[in-house]
Amino acid sequence: MLTRALRKKFLKIVLAGDQAVGKTSLRKRYLGESFEGKYMLTIGTEFSLKKLFLDGDEFSLQIWDLAGQQQFRHVRTLYYQGARGAIIVYDVTKRETFENIPRWISELITHNNNQLVPILIVANKIDLREIDQSPVITTEEGIAFAKTLEEEYTRKGFDTWFIYHETSAKTGCGVEEAITNFVSLIMSQRKMAS
Ligand code: G3D
Ligand code: MG
């Protein structure tokens with residue numbers, strides 16, 4: 001009973017995605033002024049805590065954010081282990097960051113005991129869609145891809161789900177909604193399981 005109660009108090013979510021897609025900006029935008037940042041030099045990770053109240057329960061949301069990409073490869077397991085969800089971010093103006101999503105999923109599986117946690121796919125930098133001339137990934141393409149991924153990984157036997165949201169960490173558009181929705185889905189699933 002006690003273990004269950006303690007376990008419920010923390011919810012670790014990891015951020016993943018290519019460099020410069022806006023992971024740190026999203027985290028900061030979501031946590032606003034209330035966030036408590038901690039930097040763990042050894043694993044190159046910044047982690048932030050936020051107290052949330054959801055359906056009458058209080059818990060601490062931890063959002064883990066890799067400060068460096070390449071140099072911390074050897075401690076990736078520490079980063080991913082124990083995560084209850086992952087936010088994979090891409091930049092809607094950079095197709096390569098969208099195409100790399102499956103790599104991030106493989107990385108999650110490899111470093112988290114061959115399990116796949118629920119995933120929030122975030123299409124970030126939507127403010128640039130209006131002005132950027134380079135080919136952009138449309139909403140339809142993003143949604144379809146998230147659906148394909150869910151089908152593919154379910155078929156492979158993983159007990160998981162995916163959701164898709166669009167954001168701009170620059171204007172703040174969609175950020176709160178995306179993360180709150182993801183977290184409440186995870187929490188309601190945990191409640192059902194407990
Ligand atoms: P990362 O943590 O994924 O590496 P960052 O990415 O959060 O450091 O963001 C990389 C750059 O993209 C930053 O620009 C940041 O301001 C910008 N950025 C992040 N999100 C958005 C967004 O939604 N819209 C726009 N237009 N820019 C965004 P700089 O110039 O500081 O490197
Ligand atoms: Mg960053």
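Order of appearance sets the numbers: ligands from 1, and atoms from 1 within every ligand. What you see is a predicted model; the values in this text were computed from it and never measured. One-based numbering along the sequence shown.
The CG atom of Asn124 sits 11.0 Å away from atom CD1 of Ile87, with the distance rounded to the nearest 0.5 Å. Going from atom OG1 of Thr97 over to atom CH2 of Trp104 covers 11.0 Å, rounded to the nearest 0.5 Å.
Among the atoms of Lys170, some N or O lies under 3.5 angstrom from an N or O of ligand 1. For Ile126, no nitrogen or oxygen atom sits less than 3.5 Å from a nitrogen or oxygen atom of ligand 1, counting backbone and side chain alike. Polar contact with ligand 1: present for Gly22 (N/O pair, distance under 3.5 Å). For Asp65, no nitrogen or oxygen atom sits less than 3.5 Å from a nitrogen or oxygen atom of ligand 1, counting backbone and side chain alike.
Atoms of ligand 1 found under 4.0 Å from any heavy atom of Ser168 (numbered from 1 in listed order, with element): 23 (O). Interface atoms of ligand 1 facing Asp127, defined by a heavy-atom separation under 4.0 Å, are 22 (C), 23 (O), 24 (N), 25 (C), 26 (N). Less than 4.0 angstrom separates some heavy atom of Leu128 from each of these atoms of ligand 1: 26 (N).
Across the listed options Asn124, Thr171, Thr24, Val21, Thr24 owns the non-hydrogen atom lying nearest to atom 8 (O) of ligand 1. Taking all heavy atoms of Arg27, Lys125, Lys28 into account, the minimum distance to atom 11 (C) of ligand 1 is reached by Lys125.
Phe145 pairs with exactly one of Phe162, Tyr90, Phe98 by the ring-ring contact (aromatic ring centres under 6.0 Å, His included) rule, that one being Phe98.
Using a cut-off of 4.0 Å between Lys/Arg side-chain N and Asp/Glu carboxylate O, Arg95 and Glu141 are scored as salt-bridged. A salt bridge does not link Arg155 to Glu151: none of the charged nitrogens lies less than 4.0 Å from a carboxylate oxygen.
At a cut-off of 2.8 Å, Thr24 is counted among the residues with an N, O or S atom near the Mg ion (ligand 2).
Annotation: Lys12, atom NZ; neighbour count of heavy atoms from other residues, nucleotides and ligands within 6.0 Å is above 12.
Looking only at atom types and distance, the side chain of Thr24 has a donor-acceptor partner in the side chain of Asp65 under 3.5 Å away.
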